[in-house]
**Q** 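Quick one: this structure, given as structure tokens, is what I'll be asking you about.
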Amino acid sequence: MLPRHHTIHGVSLGILMLDTGFQRLPGDIGNAMSWSFPVLYKVIEKASQEAFFSQGSETFLEAFLDGCHELAALGVSGIATSCGFLARLQPELSARSPVPVVTSALMQIPMVRQLIGAGRDLAVLTTDAAALSVAHFAGVGVAEIPPVAGLSPEGALRRDLSGNAATVDAAAQEAELIASAQALIAAQGGRIGALLLECTNMAPHSAALRRATGLPVFDAVSLVTWFHSALAGQPRTGNFN
């Protein structure tokens, strides 16, 4: 990317956030302690959890595009979002944003399938399986939909998110995700070679899922960390001669 005039320097990544109030644990994309590099946040006002899912992501397209332009004007070289369901907007956002955009952990599906090889597939954990549609997968170039498991509306994670809990029940969330992952893996008869977490709020529990299942786990943090490595241009250490 050619040099640009901007006010803020030393921050390569901007993150567009839904307008939420629930506690975001370390490992969540919205907790700044999740990152080993600086990030610049922009909250999309009125894009609450409830409004986003009741009105549809397309309702907020222009607001997210405005956020892309605002963050780019401040100096970031790339933008991520805080909700995997924004996968539906990936083509439009990437086409109209002045800098590259990653919307969803689902973007990793083609690469993960290459990693685990033929005969095995990844399993996707999402907050709401009924809401995760063909259009979300199509938005990130995935035609063959993998096995998907959602969470109960009465479960810990969805209860904390919908209730905008100022303090979430991390232990209950972890137990719920492990049980959901193990049930999905068992139902697929041993053909699952990796897990992918659609929801950015699941990422704090990735390490626990790896321990419980023995499988590699991909999430929004793994995607954004990879993305940032291409944006920041940090010098490598060591002798590469």
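Just so you know, these numbers use all the heavy atoms, side chains as well, and skip hydrogens, waters and symmetry mates.
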**Q** How long is the straight-line distance from CZ of Phe64 back to SG of Cys83, given to the nearest 0.5 Å?
**A** 7.5 Å
**Q** Using the rule that two of Ile, Leu, Val, Met, Phe, Trp, Tyr join whenever any of their side-chain heavy atoms come within less than 4.5 Å, decide whether Leu25 and Val39 are in one cluster.
**A** no
**Q** So, applying side chain to side chain contact (heavy atoms under 4.5 Å, CB included) with Leu184, which one of Leu125, Ile192, Leu195, Val148 is it?
**A** Leu125
**Q** Quick one: does any side-chain atom of Thr200 pair with a main-chain N or O of Ala220 as donor and acceptor, under 3.5 Å?
**A** no
**Q** Mark yes or no for whether Asn201, through its side chain, and Arg24, through its backbone, hold a donor-acceptor pair below 3.5 Å.
**A** no
**Q** Can Met202 and Leu151 be said to form a side chain to side chain contact (heavy atoms under 4.5 Å, CB included), step by step?
**A** CA-CA 11 Å; Met202 294 178 174; Leu151 303 178; 3.7 Å; yes
**Q** What heavy-atom pair brings Glu174 and Ala208 nearest, and what distance separates the two atoms?
**A** CD-CB, 3.5 Å
**Q** In this structure, would Phe22 and Leu197 fall into the same cluster of hydrophobic residues linked by side-chain contacts under 4.5 Å?
**A** yes
**Q** Indicate the atoms forming the closest heavy-atom contact of Ala129 with Gly150, along with that distance.
**A** CB-N, 3.7 Å
**Q** Mind running side chain to side chain contact (heavy atoms under 4.5 Å, CB included) on Ile185 and Leu215 for me, showing each step along the way?
**A** CA-CA 10 Å; Ile185 292 165; Leu215 296 176; 3.6 Å; yes
**Q** Any donor and acceptor pair, going by atom type alone, linking the side chain of Ser82 with main-chain N or O of Leu18 inside 3.5 Å?
**A** yes
**Q** Does any non-hydrogen side-chain atom of Val76 lie less than 4.5 Å from one of Leu13?
**A** no
**Q** Can you list the steps and then say if Arg191 with Asp121 is a side chain to side chain contact (heavy atoms under 4.5 Å, CB included)?
**A** CA-CA 6 Å; Arg191 60 183 288 263; Asp121 204 354; 3.7 Å; yes
**Q** How far apart are the closest heavy atoms of Leu196 and Ala105, and which atoms are they?
**A** CD1-O, 3.5 Å
**Q** Look only at the side chain of Asp19 and the backbone of Lys46, and say whether a donor-acceptor pair between them is shorter than 3.5 Å.
**A** yes
**Q** Which heavy atom of Gly27 sits nearest to which heavy atom of Val221, and what is that distance?
**A** O-CG2, 3.1 Å
**Q** Measuring only between side-chain heavy atoms, which start at C-beta, is Ile145 closer than 4.5 Å to Val142?
**A** no
**Q** Salt bridge check, Glu176 against Arg158: does any charged N sit closer than 4.0 Å to a carboxylate O?
**A** no
**Q** How about Arg96 and Glu62: do any of their side-chain heavy atoms sit closer than 4.5 Å?
**A** yes
**Q** Would you say the side-chain atoms of Ser133 and His136 include a donor-acceptor pair closer than 3.5 Å?
**A** yes
**Q** For a quick test of reading the model, state the closest non-hydrogen atom pair linking Ala87 to Ser104 and the distance between them.
**A** CB-CB, 3.7 Å
**Q** For a 4.5 angstrom cut-off between non-hydrogen side-chain atoms, does Val11 reach Phe37?
**A** no
**Q** If you measure from the Lys or Arg side-chain nitrogens to the Asp or Glu carboxylate oxygens, is any gap between Arg159 and Glu154 under 4.0 Å?
**A** no
**Q** I'd like to know if the side chain of Gln23 pairs up with that of Thr167 as donor and acceptor (distance under 3.5 Å, no hydrogens or angles considered).
**A** no
**Q** If you measure only the distance, is there a donor-acceptor pair under 3.5 Å linking the side chains of Gln108 and Ser222?
**A** yes
**Q** Please tell me whether Leu89 and Leu65 are part of a single hydrophobic cluster in this structure, the criterion being side-chain heavy atoms less than 4.5 Å apart.
**A** yes
**Q** Give the intermediate values and the outcome of side chain to side chain contact (heavy atoms under 4.5 Å, CB included) for residues Arg113 and Leu122.
**A** CA-CA 7 Å; Arg113 280 177 163 158; Leu122 75 164; 3.8 Å; yes
**Q** Just wondering, do Leu71 and Tyr41 contact through their side chains at under 4.5 Å, heavy atoms?
**A** no
**Q** Kindly give the heavy-atom pair with the smallest separation between Pro26 and Asn31, and that separation in Å.
**A** N-ND2, 3.2 Å
**Q** Where the side chain of Gln90 meets the backbone of Val101, is there a donor-acceptor pair that is under 3.5 Å apart?
**A** yes
**Q** What I'd like to find out is whether the side chain of Phe137 reaches to under 4.5 Å of the side chain of Ile109, using heavy atoms alone.
**A** yes
**Q** How long is the straight-line distance from OG of Ser94 back to CD1 of Ile79, given to the nearest 0.5 Å?
**A** 11.5 Å
